[in-house]
Amino acid sequence: TAGNGGPAFPSLTEIAMSSWFFSYGTSADPSHVATEIGPVAESIPATIPDHRLTFANYRAEWGGGTSCIVPAPGLDVIGVMHKVSDDQVALLSNADPTYALVDKTARTAAGTVDVKVLLPITIGEFAAPADSYVGKVRSGLSAYYPIDRIDAHLKQALQRDALFDSMVAQWVNE
């Protein structure tokens, strides 16, 4: 803390003890990410500029492609930043050998923040995700964004006009 009435800064220990993890997929939901790495300290909406959401790398356990982000000038990926401990970062780093944590910069209402993003090491061709997977991504983002923004974001990523191929549901703009 500044002794002259200036701004208070976190200690080096506080900085070393936490990071921001940006999720753009199923782990946007804090309760889902908690099943993987334990409860997170804080979650806030954020975007990563000049990237877009897509689905690639078919995975049998999900029944289709999984979410990932790729560079795309002029576009933004919506997601959620979770404040995580060093131990949680280690869990994320070792959760799946086909994924790696990558450093990116996110935007929040308060400004830009350095974040860690879990991305596939290899990103293949577009692979349509299962409807249930899209539903989980949509649900996780819905606590932070208006549903019409989420639906437009997902439709762009899915490269189609409808969110789901087989699920019967009423969508905000349909």
Between side-chain atoms of residues 112-130 and protein atoms elsewhere (two or more places apart, or another chain), which donor-acceptor pairs fall under 3.5 Å?
residue : atom : partner : partner atom : Å
K116    : NZ   : D103    : OD1          : 3.0

Pair V137-L154, side chain to side chain contact (heavy atoms under 4.5 Å, CB included): steps then yes or no: CA-CA 9 Å; V137 173; L154 289 171; 3.9 Å; yes
List the steps and the verdict of side chain to side chain contact (heavy atoms under 4.5 Å, CB included) for V40 and F21. CA-CA 10 Å; V40 295; F21 168 62; over 6 Å; no
Mind running side chain to side chain contact (heavy atoms under 4.5 Å, CB included) on F55 and L53 for me, showing each step along the way? CA-CA 7 Å; F55 296 90; L53 178 68; 4.2 Å; yes
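With contacts defined as side-chain heavy-atom distances shorter than 4.5 Å, the pair I78/Y24 does not qualify.
Under the rule for a ring pair (Phe, Tyr, Trp, His ring centres under 6.0 Å), the partners of W62 that lie at least two apart in sequence or sit in another chain are Y133. Remark: A34 pairs with no residue by the side chain to side chain contact (heavy atoms under 4.5 Å, CB included) rule, at least two apart or across chains. By the side chain to side chain donor-acceptor pair (under 3.5 Å) test, Y144 is found to be paired with no residue, residues two or more places apart in sequence or in another chain being considered. Residues passing the side chain to side chain donor-acceptor pair (under 3.5 Å) test with S43, sequence neighbours excluded: H82. Scanning for side chain to side chain contact (heavy atoms under 4.5 Å, CB included) contacts around P146 gives D148, R149, with sequence neighbours left out. Among residues two or more places apart in sequence or in another chain, the side chain to side chain contact (heavy atoms under 4.5 Å, CB included) test is passed with H51 by I48, I69, P71, V77, K104. Considering only residues two or more places apart in sequence or on other chains, R52 meets the salt bridge (charged side-chain N to carboxylate O under 4.0 Å, His left out) condition with none of them. Remark: T66 engages Y99 in a side chain to side chain donor-acceptor pair (under 3.5 Å) (not counting sequence neighbours).
What you find for L141 and G79 is that their closest heavy atoms are CD2-CA, 3.8 Å. Here the closest heavy-atom approach between residue S27 and residue V33 is recorded as O-CB, 3.8 Å. The two residues A46 and Y145 have their closest heavy-atom pair at O-OH, 2.8 Å.
Under the 4.5 Å side-chain heavy-atom criterion for grouping Ile, Leu, Val, Met, Phe, Trp and Tyr, M81 is connected to V102 within one hydrophobic cluster.
Rounding to the nearest 0.5 angstrom, the gap separating the CG atom in D87 from the CD1 atom in I37 is 10.5 Å. To the nearest 0.5 angstrom, D151 atom CG is 13.0 Å from Q156 atom CD.
A salt bridge (charged side-chain N to carboxylate O under 4.0 Å, His left out) check over residues 88-98, counting only residues at least two apart or in different chains, returns the pairs R59-D96. Among pairs with a residue in residues 68-80, those fulfilling salt bridge (charged side-chain N to carboxylate O under 4.0 Å, His left out) read D76-R107, at least two apart in sequence or across chains. Contacts classified as salt bridge (charged side-chain N to carboxylate O under 4.0 Å, His left out) and involving residues 27-46 (residues at least two apart or in different chains) are not found.
In terms of modelled atom types and a separation under 3.5 Å, the side chain of Q88 and the main chain of S85 share a donor-acceptor contact. Judged by distance alone, with hydrogens and angles left aside, the side-chain atoms of T47 form no donor-acceptor pair with the main-chain N or O of P49 at under 3.5 Å. For S142 (side chain) and S139 (main-chain N/O), a donor-acceptor pair under 3.5 Å exists by modelled atom type.
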